[in-house]
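Take a look at the structure below.
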Number of protein chains: 2
Amino acid sequence: MNVTLKQFRYFESLAQHGHFGRAAENCAISQPALSMQIKELEAALGTELFERGARQVRLTSFGEAFALRVRDILRSVDELADIARAAQTQLVGRLRIGVIPTIAPYLLPTIIGNLMRLNADLDLQLRETITPKLLTELAEGRLDTAIVALPISEPSLTEVPLFSEGFVLIRPAEDEGKPVPSRERLREMRLLLLEEGHCFRDQALSFCNTSAAPPRELLDGSSLSTLVQMVSAGIGVTLIPEMAIAVETRATAVSVARFGDPKPQRSVGMVWRKTSPLAKQLLQVAELVRHSALTLRAQHAML
Amino acid sequence: MNVTLKQFRYFESLAQHGHFGRAAENCAISQPALSMQIKELEAALGTELFERGARQVRLTSFGEAFALRVRDILRSVDELADIARAAQTQLVGRLRIGVIPTIAPYLLPTIIGNLMRLNADLDLQLRETITPKLLTELAEGRLDTAIVALPISEPSLTEVPLFSEGFVLIRPAEDEGKPVPSRERLREMRLLLLEEGHCFRDQALSFCNTSAAPPRELLDGSSLSTLVQMVSAGIGVTLIPEMAIAVETRATAVSVARFGDPKPQRSVGMVWRKTSPLAKQLLQVAELVRHSALTLRAQHAML
DNA sequence: TTATTGCGATAAGATTATCTGATGAATGTC
DNA sequence: GACATTCATCAGATAATCTTATCGCAATAA
């Protein structure tokens with residue numbers, strides 16, 4: 001037989017009380033049960049822990065040394081249970097979030113702030129890359145959740161919609177005031193897009209009804225910032241999500257135009273493995289992200 | 001239910017293998033048994049430790065933190081067993097020895113040296129006092145063993161004889177060469193004795209057949225050294241154990257006389273509680289003490 | 001000495017925990 | 001779509017653990 005925590009607990013009680021009957025009572029078991037477990041513990045160790053005198057039960061000198069260590073172990077175990085109890089409700093430990101590049105720069109600062117305000121000890125790990133990579137890492141367990149454009153339609157993932165955001169047209173500053181081009185007109189303009197792989201590229205193309213065959217000549221940028229810079233240089237026009245307007249047009253002379261119906265837009269949401277035990281916490285995070293986005297939008301509206 | 005070490009061991013195995021079947025095999029149990037124990041552990045903690053994917057079993061982030069602590073705990077427990085195993089054969093930990101004052105100064109240096117040579121880590125605690133106090137402390141568990149004059153005849157104690165030692169007569173230096181007094185003559189001399197309570201006092205008186213009523217006028221000293229000093233000052237004569245000769249007459253001008261038959265002597269032995277779990281080690285110690293005494297006697301014989 | 005009391009050990013039977021083997025359900029593979 | 005893999009579940013068997021009753025020993029009291 002092996003030693004057990006139960007034996008440790010009984011041992012601790014007996015060491016404290018120095019009396020089998022009272023120690024047993026303290027453990028809510030019968031005296032023989034305690035006697036047996038102590039005997040088994042001693043047998044397992046090959047050493048006596050107590051000296052049973054006629055009038056008293058005393059720890060042997062080894063027993064005393066043993067007691068110190070046992071106490072430590074029992075404390076560690078109890079502590080472990082406490083930690084677990086705390087972890088189940090609150091958001092603790094490590095949280096690995098992936099975000100697509102057309103959201104990350106605009107939403108993350110707010111999200112991080114809100115998360116850290118919720119739990120400063122949170123070990124937040126962030127990853128910014130395109131949706132397919134995020135999904136792979138999610139599947140491999142290297143991410144806990146990802147903020148992407150919906151739908152993903154992956155049966156192994158839970159999808160939670162967060163918000164919808166429209167796209168706006170970014171034109172050179174001198175186009176300010178000109179009529180907003182229709183989708184058809186847009187197709188004839190030089191539309192600057194992100195590199196392949198970015199979902200926002202597909203969403204933009206989709207709006208122009210040119211999803212399948214890319215039109216005329218396109219120029220790919222690696223970030224929305226780059227695209228906007230190119231627009232301001234008069235190279236063409238581009239689309240960016242509403243959320244990006246404030247940041248990307250702050251220091252750049254371009255014209256922002258909003259489309260009439262049908263407005264282009266996309267749905268942003270959070271996804272995680274259906275098997276993830278963090279589900280409860282992730283729902284909490286989703287709510288927080290949703291709130292962060294609303295706050296952000298309200299701030300922009302005031303500008 | 002409470003968490004158990006068994007669950008911790010299973011958990012560790014599963015964390016390592018990431019596969020219920022293989023982990024179960026590693027633990028020499030069936031896969032359902034492992035599944036159940038893991039489930040129970042998770043239930044006890046109120047948190048999931050593993051994320052069961054279709055193709056793999058992964059630790060949750062909490063599980064990883066948990067695993068670190070569990071590993072520590074299991075190591076501590078295993079270490080505990082090792083310590084116990086080492087303790088049962090070897091003499092380790094604390095050893096509390098009581099010695100009567102008419103032996104301690106002469107025998108202890110050798111004993112301590114030999115004990116520490118056997119185990120340098122030994123926590124040796126020594127107590128020098130008269131037999132009744134030693135026996136009390138022994139009974140109260142404040143000593144592990146005592147070196148005293150036998151017999152003690154206390155049924156709760158184990159007695160182990162170590163050696164016999166004779167007594168010699170210490171006379172002023174000018175008595176050197178004079179005939180050794182008989183016991184009867186001795187009774188008429190001024191015999192210097194230790195204070196009451198010292199067993200050696202009784203043993204000396206017993207030799208003079210004056211056990212019951214102390215004779216003429218006695219002068220009590222608190223140590224053999226004092227007695228010998230008093231003898232050298234011409235105040236009287238005294239008896240000391242052979243073992244004390246070398247030390248006590250080294251720097252003092254006195255005459256040492258050995259009695260003819262019947263030679264006075266006493267038996268020195270070790271005692272410990274019959275219930276003491278150190279019995280095995282104490283027998284070992286007794287053998288060491290016996291050997292120390294023999295060595296000491298041999299050294300004296302060479303002087 | 002001879003009862004009596006206190007306390008731990010032991011024994012037998014009941015209860016609970018844990019395990020095994022068979023099977024099910026979900027997912028992924030050919 | 002049949003098959004394989006893998007974890008969960010179930011029922012029954014086995015083993016660990018507990019309880020109650022009793023014993024034996026030692027200390028105290030009569």
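Note that these values count all heavy atoms, side chains included, but never hydrogens, waters or copies made by symmetry. A note on names: the letters A, B, ... follow the listed sequences, proteins ahead of strands, and every chain is numbered from 1.
Per the geometry, NE2 belonging to His17(B) stands 14 Å off P belonging to dT6(D), to the nearest Å. Per the geometry, CG belonging to Leu14(A) stands 13 Å off P belonging to dC7(C), to the nearest Å. Protein atom CD of Glu40(B) is 15 Å distant from nucleotide atom P of dT16(C), rounded to whole Å. Rounded to an integer number of Å, the gap from Leu49(B) CG to dC7(D) C1' is 16 Å. Computed from coordinates, the Phe20(B) CZ to dG21(C) P distance equals 19 Å when rounded to whole Å. When the P atom of dA17(C) is taken as reference, atom CG of Leu5(A) falls 16 Å away, rounded to whole Å. A straight line from CG of Leu41(B) to C1' of dT18(C) spans 15 Å, rounded to a whole angstrom. Rounded to a whole Å, the CZ atom of Arg58(A) is 15 Å from the P atom of dC7(C).
A salt bridge is absent between Arg96(B) and Glu137(B): the closest approach of a Lys/Arg side-chain nitrogen to an acidic carboxylate oxygen does not fall below 4.0 angstrom. Ion pair Arg201(A)/Glu195(A) not flagged as a salt bridge, since none of the NZ, NE, NH1 or NH2 atoms sits closer than 4.0 Å to an Asp/Glu carboxylate oxygen. For the pair Arg290(B) and Glu287(B), the salt-bridge criterion is met [side-chain N within less than 4.0 Å of a carboxylate O]. Remark: Asp82(A) does not engage Arg75(A) in a salt bridge, criterion side-chain N to carboxylate O under 4.0 Å. Between Glu42(A) and Arg52(A), at least one side-chain N (NZ, or NE/NH1/NH2) sits under 4.0 Å from a carboxylate O, which counts as a salt bridge. Ion pairing of Arg127(A) with Asp144(A) is absent here, as no side-chain N (NZ or NE/NH1/NH2) approaches a carboxylate O to less than 4.0 Å.
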List every contact pair, protein side and nucleotides 10-14 of chain D side both N or O, where the distance is under 3.5 Å.
none

Kindly give the atom pairs (protein nitrogen or oxygen, nucleotide nitrogen or oxygen) under 3.5 Å for nucleotides 1-5 of chain C.
none

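A close approach under 4.0 Å does not occur between any side-chain nitrogen or oxygen of Arg52(B) and OP1 or OP2 of dT6(D). OP1 or OP2 of dG21(C) has not a single side-chain nitrogen or oxygen of Ser30(B) nearer than 4.0 Å. When the side-chain nitrogen and oxygen atoms of Ser35(B) are compared with OP1 and OP2 of dA8(D), one or more of them lie within a distance under 4.0 Å. An OP1 or OP2 oxygen of dC18(D) is reached within less than 4.0 angstrom by a side-chain nitrogen or oxygen of Gln37(A). Put simply, Tyr10(B) has a side-chain N or O that comes within less than 4.0 Å of OP1 or OP2 on dC19(C). Between Lys6(A) and dC18(D), a side-chain N or O to OP1/OP2 separation shorter than 4.0 Å is present.
Put simply, the side chain of Arg273(A) never gets that close to the backbone of Leu157(A): no donor and acceptor are under 3.5 Å apart. Using a distance-only test at 3.5 Å, with no hydrogens or angles considered, no donor-acceptor pair links the side chain of Gln37(A) to the main chain of Tyr10(A). Checked by atom type and distance alone, the side chain of Ser276(B) never pairs as donor or acceptor with a backbone atom of Trp272(B) at under 3.5 Å.
Using a 4.0 Å heavy-atom criterion, one finds that Phe50(A) contacts no nucleic acid atom at all. Among the atoms of the strands shown, base atoms are found under 4.0 Å from some heavy atom of Gln31(A).
Nearest-nucleotide positions on DNA chain D place Thr4(A) closer to the 5' end than the other of Ser156(B) and Thr4(A).
Classification of the Phe11(B)-Phe50(B) ring pair by plane angle, with boundaries at 30° and 60°, yields tilted.
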